[in-house]
Structure formats: C-alpha cells, structure tokens
Amino acid sequence: MSAKEVVKAFYESDMANDANVVSEFFHKDCELHWTSSQGFVLLNYKEIKDFFKGTRQSYNSLRFEFTHLIESNEFVTTRHTLFGKTIENPESEVILAHFSALWEVKDGKLYRGFEISLPADENDFESLASYAERKI
C-alpha cells in the first residue's frame, strides 16, 4: 500500500467501534504531535490506544470529509472535517472539528503525525464553505 492508501484506510476504518484500529494502523514506535484548542499533547502508541478506547466509549460512528489528501513519498498531508454520532444521540450527526495533519508512514503504518485541530462552528458559514471545497 502507498502512504496515501494507508492514511486513507485509517480514516475510512470503523475507529469508533474497532478495538484493533491502533494495532492495525499505528507503528509501535509512533508519535502523534497534536495541537488543539486544549493545547499541545504528544501521544505515544499506548496513549493513542487509550485515546481510541475513550472514543469508542463516546461515539457510535465517526466520519471524515476531506478537502485535501496529498502524498509525497512517505508523507501524506490531509485537511478534513470530523463528524460524529454520539452514543447519547445516535440519530444525529454533528460536526466535531476541522483538522490539518501531516503523517509519516513507515513499514506500512502511521509512524509520526503532526496534527492541528479546531472545533467546528456550524454557524460560521464561511468556514464551512471553505471545508466544502474538494482538492483530492
């Protein structure tokens, strides 16, 4: 699989329900450098595994819409919006956040990620329109 195919397969996986998503897609020596509205966090394999365990306890489903998915050798850059259906309200899908990420793929797995996320504002139509444009 190409680096882009690995990244795409990860985002298309059932990460809200599949307990094997981390072992399937993340390298044992991985690092995720994540800057969000809560600040910066550096996650290793175990911490990523714990994060997705919490995700599975909160969401029935997660869905990603991409505006950009660009590959250069072992690096893949994404720009996307995350949508989710919570366990409390499984009939209603909400916009959770906008992301930009740079992934390095090694040995067919996500090895190093640099991610920035911001909460999505459903009332900011200009921002939502920006994420509606596709350049894949």
Side-chain angles (χ1 to χ4, degrees):
M1 260 200 233
S2 72
K4 184 176 179 178
E5 290 169 330
V6 169
V7 171
K8 192 171 186 231
F10 165 66
Y11 285 112
E12 290 176 347
S13 70
D14 188 9
M15 61 184 75
N17 297 295
D18 184 357
N20 297 313
V21 73
V22 176
S23 61
E24 184 177 344
F25 289 102
F26 285 85
H27 194 282
K28 293 284 186 190
D29 298 323
C30 68
E31 289 183 340
L32 174 56
H33 304 246
W34 184 8
T35 303
S36 72
S37 59
Q38 304 298 309
F40 175 79
V41 64
L42 176 59
L43 302 173
N44 63 26
Y45 183 86
K46 182 193 175 314
E47 292 162 330
I48 293 169
K49 199 168 193 147
D50 291 343
F51 173 80
F52 280 104
K53 181 178 180 183
T55 298
R56 289 189 304 277
Q57 294 171 349
S58 299
Y59 293 94
N60 276 343
S61 68
L62 297 172
R63 180 176 64 85
F64 299 86
E65 282 189 5
F66 290 86
T67 61
H68 296 76
L69 190 60
I70 303 165
E71 178 181 39
S72 178
N73 299 317
E74 69 273 13
F75 295 97
V76 178
T77 302
T78 72
R79 182 173 180 259
H80 56 276
T81 301
L82 171 61
F83 299 83
K85 292 182 181 180
T86 63
I87 289 172
E88 294 85 8
N89 193 1
E91 301 304 316
S92 178
E93 183 178 70
V94 295
I95 300 174
L96 299 173
H98 298 301
F99 288 82
S100 292
L102 173 63
W103 288 104
E104 179 182 359
V105 175
K106 180 178 176 182
D107 302 328
K109 297 203 176 203
L110 302 173
Y111 176 65
R112 197 162 328 286
F114 301 90
E115 190 168 69
I116 298 172
S117 66
L118 292 171
D121 180 358
E122 293 185 49
N123 297 315
D124 185 345
F125 299 110
E126 190 173 9
S127 172
L128 292 176
S130 169
Y131 278 86
E133 184 178 338
R134 308 284 185 252
K135 298 192 189 263
I136 297 179

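This is a predicted model, so every value here is computed, not measured.
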Could you check whether any side-chain heavy atom of [X] comes within less than 4.5 Å of a side-chain heavy atom of [Y], counting everything from C-beta outward?
| X | Y | answer |
| --- | --- | --- |
| L69 | K8 | yes |
| F10 | M15 | yes |
| L32 | E115 | yes |
| L110 | V105 | yes |
| F83 | T81 | yes |
| D29 | H27 | yes |
| F52 | F25 | no |

In the single-linkage hydrophobic clustering (I, L, V, M, F, W, Y; side-chain heavy atoms under 4.5 Å), do [X] and [Y] co-cluster?
| X | Y | answer |
| --- | --- | --- |
| V41 | F114 | no |
| Y59 | I87 | no |
| M1 | F66 | yes |
| Y11 | V94 | yes |

Testing the basics here: between [X] and [Y], what is the closest heavy-atom pair and its distance to 0.1 Å?
| X | Y | result |
| --- | --- | --- |
| I95 | A120 | CG2-CB, 2.9 Å |
| I48 | C30 | CD1-SG, 3.6 Å |
| E71 | S2 | OE2-CB, 3.4 Å |
| R79 | S100 | CG-OG, 4.1 Å |
| A3 | N73 | CB-O, 3.6 Å |

Could you list who else is in I116's hydrophobic cluster, with ILVMFWY side chains joined at under 4.5 Å, directly or through other members?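 None, because no other hydrophobic side chain comes under 4.5 Å of this residue.
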With a cutoff of under 4.5 Å between side-chain heavy atoms, which Ile, Leu, Val, Met, Phe, Trp and Tyr residues group with Y111?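 Members alongside Y111: none; it stands by itself.
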Specify whether F26 and W103 have parallel, tilted or perpendicular ring planes, treating 30° as the upper limit for parallel and 60° as the lower limit for perpendicular.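 If you compare the ring of F26 with that of W103, the planes turn out perpendicular.
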Hey, what do you get for [atom1] ([X]) to [atom2] ([Y]), rounding to the nearest 0.5 Å?
| X | Y | atom1 | atom2 | answer |
| --- | --- | --- | --- | --- |
| H80 | R63 | NE2 | CZ | 12.5 Å |
| E88 | N60 | CD | CG | 9.0 Å |
| R112 | E31 | CZ | CD | 4.5 Å |
| H33 | L102 | NE2 | CG | 10.5 Å |
| K109 | Y45 | NZ | OH | 6.5 Å |
| K4 | T78 | NZ | OG1 | 11.5 Å |

Assess the pair F64 and F99: is the distance between their ring centroids shorter than 6.0 Å?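 Between F64 and F99, the centre distance exceeds or equals 6.0 Å.
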For residues 15-26, pull every pair meeting side chain to side chain donor-acceptor pair (under 3.5 Å), keeping only residues two or more places apart or in separate chains.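 Matches after skipping sequence neighbours: D14-N17.
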